[in-house]
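Counting starts at 1 for both ligands and their atoms, following the listed order. Everything numeric in this text was worked out from a predicted model, so none of it was measured. Any value given below was found using the heavy atoms of this structure, including those in side chains, with hydrogens, waters and symmetry copies removed.
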Amino acid sequence: MKITHLTPIILHAPVTRGGIADSTHSITHWGAPGVAIHADNGLVGYGFSGTHAHLPTDRLIVQCATEAFGPLLVGEDPREVRYLWEKLHKHSPVLWVGRSGITHLALGAIDIALWDLKAKAAGLPLWKLLGGSSRKRVEAYNTDGGWLNWPIEQLVSDCRRLVEQDGYRAVKIKLGSADANEDLRRLGAVRSALGPSVRIMTDANGKWNLPLAVQIGRRLREFDVVWLEEPIAFDDVGGHARLAQAIDTPIALGEQLYLAHQFRDFIHAGAVHYVQPDVVRLAGITEWWQVADLAHSYSLPVVPHVGDMCQVHQHLCFAHPGCALLEYIPWLRDWMRHPAQIQDGHFVAPEAPGAGMEPTVEALERINRI
Ligand code: MG
């Protein structure tokens, strides 16, 4: 089995109600720039990054994947994915311009596509190729009811619907309003509506400075919050370590970290409790697995951030012993051939061979018009 060529793909999917916001970002579409990797036996592997659907940057990502990395893959056996990851990761012209950012996102998309090919060649869903079991329970928590631009009535009714109609037992709401007291009002309203047994996660998306994070972080105890996510700048190891000493609520982070080394530094410093690696931010499944093993060795739960809209992460969670809980956001479900399925608040193990990111025929037609 040999790789013959790569083709670029850019997918832009609309988000819920035409626009969502957290404390730092406001978007109308989710971007999935990536590649299709074609093999000489007719199989095609698909892998994507996750972006804010900005076409000029998405073009740079797919250009890096197809033009800088692509020639290194042609003629190679895609099943030798860890060897190929090393080959691409150490390719000196790309390494020289950065071990993060666009080059890393491009490598991540390629790595996912290679694992997709490997699983398809084996005729197995990725979780089974990685040694997982469908008997494992992977709970879903839902983020799509808790956006900061939802008025408080919408926030409460969405969270209530997710629990009462859709069967979720855990939801995440965004913090980081201009007035921190408004955050507490919103959180209090959701806690009152959902009752004491539903778990609530909170996420400030890096909005606060350290003293404000300590001040608000201490108040979260009143609302029995599972975690406080990205309270301050996402790469501030020392700040998160000091915050972890000052508040009772556990800290979650990792969605904006590019490297396994960065996770090592946070974990070693005691600056994170819930570890949130993202397969599309790290350089794919190969590096994600290193982070999950590392966190697991420190007895820290791995709860991935889903830049892939959980299509790949669901496989990883059915396979990795450190994962029992995974974020769910539905934005790519109409664009994927085998969208993630939730039943009674839990993921259903996918049965189709591959890593889960194959677009529908209709999506591929739309992609070609971008
Ligand atoms: Mg987050």
Side-chain angles (χ1 to χ4, degrees), residues 15-16 19-27 30-32 49-53 105 108 139-150 155 158-159 162 168 170-177 180 183 186-187 190 199-208 212-213 216-217 220 223 225-237 239-240 243-244 247 249-258 262-263 266-267 271-282 288 291-292 295 300-313 316-317 323 325-332:
V15 302
T16 304
I20 62 91
D22 58 38
S23 68
T24 311
H25 307 286
S26 180
I27 62 171
W30 189 250
S49 190
T51 69
H52 289 178
L105 300 182
E139 188 182 357
Y141 80 85
N142 197 305
T143 297
D144 205 34
W147 301 111
L148 206 57
N149 59 324
W150 282 189
L155 173 75
D158 272 16
C159 288
L162 289 171
Y168 292 93
V171 296
K172 185 158 80 186
I173 75 165
K174 297 292 183 175
L175 306 179
S177 305
D183 282 339
R186 290 165 67 86
L187 180 54
V190 173
R199 280 161 295 146
I200 299 175
M201 293 77 166
T202 59
D203 186 356
N205 290 91
K207 175 81 168 181
W208 298 328
L212 186 58
I216 304 299
L220 295 182
F223 306 99
V225 162
V226 177
W227 72 58
L228 171 59
E229 183 171 324
E230 287 197 329
I232 58 177
F234 65 86
D235 54 358
D236 182 355
V237 179
H240 281 96
L243 182 63
I247 66 174
T249 301
I251 292 172
L253 59 81
E255 67 179 75
Q256 292 189 83
L257 300 182
Y258 285 96
Q262 293 172 305
F263 281 93
F266 271 95
I267 291 171
V272 58
H273 304 103
Y274 288 88
V275 180
Q276 299 180 305
D278 192 325
V279 72
V280 307
R281 174 78 62 183
L282 292 154
W288 184 96
V291 173
L300 297 176
V302 180
V303 189
H305 175 262
V306 293
D308 64 329
M309 300 296 115
C310 57
Q311 290 296 119
V312 180
H313 282 112
L316 301 178
C317 286
C323 302
L325 180 67
L326 178 61
E327 183 172 30
Y328 180 74
I329 304 176
W331 300 337
L332 285 185

*Which is the closest N/O/S atom of Asp203 when seen from the Mg ion (ligand 1)?*
OD2
*Minimum side-chain heavy-atom gap Leu148-Arg186 below 4.5 Å*: yes
*asked:* So, 2.8 Å as the limit: is an N/O/S atom of Glu230 located closer than that to the Mg ion (ligand 1)?
replied: no
*Under 3.5 Å donor-acceptor, His313 side chain and Asp278 backbone*: no
_Working for side chain to side chain contact (heavy atoms under 4.5 Å, CB included), residues Leu187 and Leu220_ = CA-CA 9 Å; Leu187 180 54; Leu220 295 182; 3.5 Å; yes
*Looking at Glu255, pick out the N, O or S atom nearest to the Mg ion (ligand 1) and give its name.*
OE1
*Has Glu229 got an N/O/S atom less than 2.8 Å from the Mg ion (ligand 1)?*
yes
*Take Glu327 and Gln276 through the side chain to side chain contact (heavy atoms under 4.5 Å, CB included) test and state the conclusion after the steps.*
CA-CA 10 Å; Glu327 183 172 30; Gln276 299 180 305; over 6 Å; no
